[in-house]
Novice: 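I am attaching a structure below and will ask some questions about it afterwards.
Quick note on labels: first sequence line is chain A, next is B, and so on, each numbered from 1.
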Amino acid sequence: MPRLRKPFFNRSVHEVAPELIGARLLFRDVGGVIVEVEAYHHTDPAAHSYGGQTQRNAVMFGPPGYAYVYRSYGIHWCVNFVCEPAGSASAVLIRALEPTEGLAAMQRRRHTKDVRFLCSGPGRLTEALGITHAQNGCALDAAPFELHAREEAIDVVSGLRIGITKAVELPWRYGLRGSRFLSKPFKV
DNA sequence: TATGAGATCAACT
DNA sequence: GTTGATCTCATAC
């Protein structure tokens, strides 16, 4: 199973995002299969990088293949994969995983046994994996991260993004069709 | 099932 | 001082 390296991310977010569906993400041997992501581009009013570089979003303006982690609503951490050549400030938000490895660790951190709710949402999956701002700027192709390309053909659906107030109409959310582990179902 | 409030913080105006 | 790329719990229907 090939590991995803930096060149994989050095392409348009719109190519990378759907290809991440079905890939396996591990952080310190805990994680699972990516079933939901959203693409953010610097020309997109909903993106953190839209208004230019700041201290918070600096990693988005760096080279591809790194993690951008930010605080959401003062409570959660959310993790993005930086894409496209350095300076284009585009990234893919990881929104949900199907938990496959390290179940016990995730259940302990999330205070629930129900696998359905371990990683089905951007804030939930960082809590389950133990990802925090300490991982901001971390390379994705080196420990403690491990990212493997998907092996089989799968059915990817796209739809409108969630939880944002700007550029709501852009269909830049991608998911694994029919997965039980999505943060919300896709509209048919 | 659906809606609503509260938690809590760093960036930005 | 305001605002979120969110989640959980409570209350209502």
Novice: Between B:dC9, B:dC12, C:dG4, spot the one nearest the side chain of A:R71, thanks.
Specialist: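 Shortest atom-to-atom distance from the side chain points to B:dC9.
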Novice: Does C:dT8 have OP1 or OP2 under 4.0 Å away from a side-chain N or O of A:R124?
Specialist: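 Yes.
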Novice: Describe the nucleic acid contact of A:N57 in one word from base, sugar-phosphate, nothing, applying a heavy-atom distance below 4.0 Å.
Specialist: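 No contact.
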Novice: Using whole Å, what does the distance between atom C1' of nucleotide C:dT6 and atom CG of A:L93 come to?
Specialist: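 In whole Å, C:dT6 C1' and A:L93 CG are 11 Å from each other.
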Novice: Specify the separation, in whole Å, of atom OH of A:Y73 and atom P of B:dG6.
Specialist: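 To the nearest whole Å, that distance equals 16 Å.
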Novice: Paired with C:dT6: which nucleotide, if any, by Watson-Crick or G-U wobble criteria at under 3.5 Å for both distances?
Specialist: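 By the stated definition (distances under 3.5 Å), B:dA7 pairs with C:dT6.
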Novice: Measure CG/A:L170 against C1'/C:dA5 and give the value in whole Å, please.
Specialist: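 Nearest whole value for this atom pair: 13 Å.
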Novice: Nearest-Å distance, CD1 (A:I164) to P (C:dG4)?
Specialist: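 After rounding, the gap between these two atoms is 11 Å.
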Novice: Under the criterion side chain to side chain contact (heavy atoms under 4.5 Å, CB included), I'd like the reasoning laid out for A:N136 against A:Y68: C-alpha separation, chi angles, the key distance, then a yes or no.
Specialist: CA-CA 5 Å; A:N136 191 31; A:Y68 164 48; 3.6 Å; yes
Novice: Have a look at A:R161 and say if it touches a base, only the backbone sugar-phosphate, or nothing, with a 4.0 Å heavy-atom cut-off.
Specialist: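 Result for A:R161 = nothing.
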Novice: Do A:S120 and A:R124 meet the criterion of a side-chain donor-acceptor pair at a distance under 3.5 Å?
Specialist: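 Yes.
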Novice: With a 4.0 Å cut-off on heavy atoms, is A:G123 in touch with a base, just the backbone sugar-phosphate, or nothing at all?
Specialist: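 Answer is sugar-phosphate: A:G123 comes under 4.0 Å of backbone atoms only.
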Novice: Identify, between A:K166 and A:G121, the residue whose nearest nucleotide on DNA chain C lies closer to the 5' end.
Specialist: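 Nearest nucleotide further toward 5': that of A:K166.
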Novice: So what does A:S183 hit on the nucleic acid, given a heavy-atom distance under 4.0 Å: a base, only sugar-phosphate, or nothing?
Specialist: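 No contact at all - A:S183 keeps every heavy atom at 4.0 Å or more from the nucleic acid.
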Novice: Without decimals, in angstroms, what is the distance between A:I131 CD1 and C:dA5 C1'?
Specialist: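 Interatomic distance, CD1 of A:I131 to C1' of C:dA5: 16 Å.
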Novice: Side chain of A:T54: nearest nucleotide among C:dA5, B:dC12, C:dT8?
Specialist: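 From the listed options, B:dC12 comes nearest.
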Novice: Calculate the interatomic distance between A:H41 atom NE2 and C:dA5 atom P; express it in whole Å.
Specialist: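 It works out to 18 Å between those atoms.
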Novice: Would A:S183 and A:E36 satisfy side chain to side chain donor-acceptor pair (under 3.5 Å), going step by step from the backbone distance to the final call?
Specialist: CA-CA 8 Å; A:S183 63; A:E36 182 183 343; 2.8 Å; yes
Novice: Roughly, in whole Å, what's the span from NE2 in A:H111 to P in C:dC7?
Specialist: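 So the two atoms are 15 Å apart, to the nearest Å.
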Novice: Does A:L4 form a side chain to side chain contact (heavy atoms under 4.5 Å, CB included) with A:F81? I'd like the steps, not just the answer.
Specialist: CA-CA 12 Å; A:L4 298 179; A:F81 294 170; over 6 Å; no
Novice: Can you tell me how far OG1 of A:T126 sits from CZ of A:F27, rounded to the nearest 0.5 angstrom?
Specialist: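 The OG1 atom of A:T126 is 10.5 Å from CZ of A:F27, to the nearest 0.5 Å.
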Novice: With respect to the phosphate group of C:dT6, does any side-chain polar atom (N or O) of A:R95 fall under 4.0 Å of OP1 or OP2?
Specialist: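 Yes.
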Novice: How long is the line joining NE2 of A:H133 and P of C:dA5, in whole Å?
Specialist: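 The answer, rounded to whole Å, is 20 Å.
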Novice: Does C:dG4 have OP1 or OP2 under 4.0 Å away from a side-chain N or O of A:T165?
Specialist: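 So the side-chain polar atoms of A:T165 do come within 4.0 Å of the phosphate oxygens OP1 or OP2 of C:dG4, strictly under.
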Novice: With heavy atoms under 4.0 Å as the rule, sort A:R110 into base, sugar-phosphate or nothing.
Specialist: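 If one applies the 4.0 Å heavy-atom cut-off, A:R110 turns out to touch the sugar-phosphate alone, with no base involved.
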Novice: Applying the 5.5 Å / 30° rule, does A:Y70 stack onto the base of C:dA5?
Specialist: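 A:Y70 vs C:dA5: stacking no.
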Novice: Measure from the side-chain heavy atoms of A:H76 and tell me the nearest of C:dA5, C:dC7, B:dC12.
Specialist: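 So the side chain of A:H76 is nearest to C:dC7.
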Novice: About how many Å separate CG of A:L170 and CD1 of A:I164, when rounded to the nearest 0.5 Å?
Specialist: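 Those atoms lie 7.5 Å apart.
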